[in-house]
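Worksheet: one structure, shown below.
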Amino acid sequence: RNFVALILLYHAHHASTLPSPSSSPSFRITRPGAMQAGRVGAWEMRRAADRELAAGGRLLECNALRGGGKAVKKAGERKAKGFVGVTIIAMLYFMSVALAIPSMPKLVNNILTGAGRVTSSSQMVLAALLATDGFFTFLTNNFWGTLSDRYGRKPFLTMSALGIAVGAALVAVGAHMGRVWPMFLGASIDGCTSCMFGLGQAYVSDVSHPKELAGNIGVFLGIAAGVSFMIGIPISAVLTSKVSPQAPFIASAVIGFVNSLLVFLIPESNPEDDRREVDLANANPWGALRMLHEDPLMFGVAVTYFLLWFAHTGLQVTWMNFFDAQHGWPASKSGMVLSVFGIGVSIMPKLILKFLSLPMAIELTLFIYTLAMVGLGLVRGSDIAVYTILFFACTGSTSLPSTLSLLTNQARHNERGAMQGATETIKTMCTIFAGPLMSAVFAYWISTSRMNPQPGNVFLFSSSILFLSFLNFHFTWAKHSKLDKTHSEDEPAQKGRGGTWQSSMGGVAEARGVFAGCADRVVQR
């Protein structure tokens, strides 16, 4: 019966052998979640399947509706192209960032001292530039993420690439003029348009199955951040020494402008049929925090993510100085290890999630990360021991994309941009508050007034925060796991809500129901 139904559905699409709905009042297909009960022709089935697939529908279900696998394969290739494309675009964006980071202090020092020497005033100006960028990023991240749910991802990806290009160009102009104000203008523009990370992750979530989302985000993070910095920082050093301190910013601006054009080559991941009306009153940091308080599970996972990023920020801001003070590593060695660390984060989630469910993976990796931080804080004098502990730290840090994946899955499909804006707001808050705090803790324990400096204590402090994150997630999941929306059943279509995912067995059962219903009606006729 199923085979006969499949053949008839195929001819309905390709040869029009089935009667049309108008001439066949009894030909009906009922399919919950995507089409309401009614008279449905082949062209309507195809259109519904297109909408389902664009919104992230099950491949098996769309295959059944379309009557063949070619369209499904084509749609899958389109999603794969989008994932690869947005990852490359994000990598080029962060390469622009990596080109600028090493040269910024030298440019500021040249302007204020004329000799490239660091002074207290030049250090304060540099801190003010970074704070300006971070402040405007904090204010606007959720705004752009929310708007991308209404107008699509690509316009704002283009805006972000252009923003860093304009910002880098203004910094180069300020260095040429010997003035600081163009640098502050560039930092403000870059901060206001700095949404590439959040929207890139929203794009990845659009084209990924929930079970694959953590692995795909890990790949995105590893390539976008790890590979870009591995390539960009050495190039910046060469341009600074061989050409001029302004040269990396000129290169950054050129890459940004080219990158804004590349965005037009990737498909839009947020289809028009699945977009929603947005409330601009909530498109701000406070709206982002209210969104994360929607239910106890979402709020608990958000607190876990905040604590995790808070502790991870301690690793980021003290990495170079810690390995110099604790192990005597030069910047080149610790920088290379950091890049490899970032690439490892892109590989580990897919390996771990082959054997563990997402909640179990989060709990395990949080615990491993806590122990690894303790090890980094205590070990001395052995590079082999450090590399071993860093391997476990890399494994533990996969809790970042895994927690982000679980948090993203709690949002409705057409609210993922807003959710990524909310998570970027959390990260920016950690940068604003955790960065200075961790730096102060590190400075306290390496103070020259201390008889026995202990630079590793900053990682012991981070490990205590990670342990709180672990405990918070453990008790949150134990109490509220029933609220998890990752595998929620398909619901009747509702206004303002996109398609939802279902377990694979449910998909098989529903597809068989489509076939069986068709066959029954054909036999009756």
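None of these values were measured; they are calculated from a predicted model.
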Quick one: does any side-chain atom of Q410 pair with a main-chain N or O of L406 as donor and acceptor, under 3.5 Å?
yes
Between L99 and G232, the two heavy atoms sitting closest are CD2-O, 3.5 Å
Smallest separation among heavy atoms of S402 and T398, with atom names:
OG-O, 2.9 Å
Crowding at CZ, F306 (>12 non-hydrogen neighbours, <6.0 Å)
yes
Measuring only between side-chain heavy atoms, which start at C-beta, is Q326 closer than 4.5 Å to L376?
no
Reported CG-to-NZ distance for the pair L356 and K354, which is rounded to 0.5 angstrom
13.0 Å
Side-chain contact, heavy-atom cut-off 4.5 Å: I164 with M196?
no
Would the distance check show the side chain of S469 and the main-chain N or O of I465 forming a donor-acceptor pair, the cut-off being under 3.5 Å?
no
Distance (rounded to the nearest 0.5 Å) between L466 CG and M373 CE:
5.5 Å
Is the Y305 ring parallel, tilted or perpendicular to the W309 ring (thresholds 30°, 60°)?
perpendicular
How close do N259 and I89 get, counting heavy atoms only, and between which atoms?
ND2-O, 2.9 Å
Under a 4.5 Å cut-off applied to non-hydrogen side-chain atoms, are F94 and F197 in contact?
yes
Taking C-beta and beyond as the side chain, do F323 and V386 meet within less than 4.5 Å on heavy atoms?
yes
F220 side chain reached by N216 side chain, heavy atoms, under 4.5 Å:
no
Could you walk me through whether D383 and W329 pass the side-chain hydrogen bond (donor to acceptor under 3.5 Å, both in side chains) check?
CA-CA 10 Å; D383 283 3; W329 286 9; 3.2 Å; yes
Could you check N141 against T425 for side-chain hydrogen bond (donor to acceptor under 3.5 Å, both in side chains), going step by step and ending with a plain yes or no?
CA-CA 6 Å; N141 246 321; T425 300; 5.6 Å; no
Determine whether V374 and L460 make a side-chain contact, defined as any pair of heavy atoms from C-beta on separated by less than 4.5 Å.
yes
If you count heavy atoms of other groups shown closer than 6.0 angstrom to CZ of F367, is the number above 12?
no
Determine yes or no for a side-chain-to-main-chain donor-acceptor pair under 3.5 angstrom, with S269 supplying the side chain and V207 the backbone.
no
Under 3.5 Å donor-acceptor, Q420 side chain and G145 backbone:
no
Taking the inter-plane angle between the rings of H293 and F299 on a 0 to 90° scale, is it parallel (under 30°), tilted (30 to 60°) or perpendicular (over 60°)?
tilted
Return yes if some donor-acceptor pair links the side-chain N/O of K79 with the main-chain N/O of S208 below 3.5 Å, else return no.
no
Are the side chains of M419 and M298 in touch, meaning some heavy atoms are under 4.5 Å apart?
yes
In terms of heavy-atom contacts, does OH of Y151 have more than 12 from other residues, nucleotides or ligands at under 6.0 Å?
no
Is there a donor-acceptor contact under 3.5 Å from the side chain of T428 to the main chain of F138?
no
Determine, step by step, whether T395 and F391 satisfy the side-chain contact (heavy atoms from CB on, under 4.5 Å) criterion, reporting the C-alpha distance in whole Å, the side-chain angles of both residues, the deciding distance to 0.1 Å, and the verdict.
CA-CA 6 Å; T395 303; F391 170 78; 4.1 Å; yes
Non-hydrogen atoms of N142 and G421 that approach each other most closely
OD1-C, 3.7 Å
Is a side-chain donor or acceptor of S160 paired with a backbone partner of L157 at a separation under 3.5 angstrom?
no
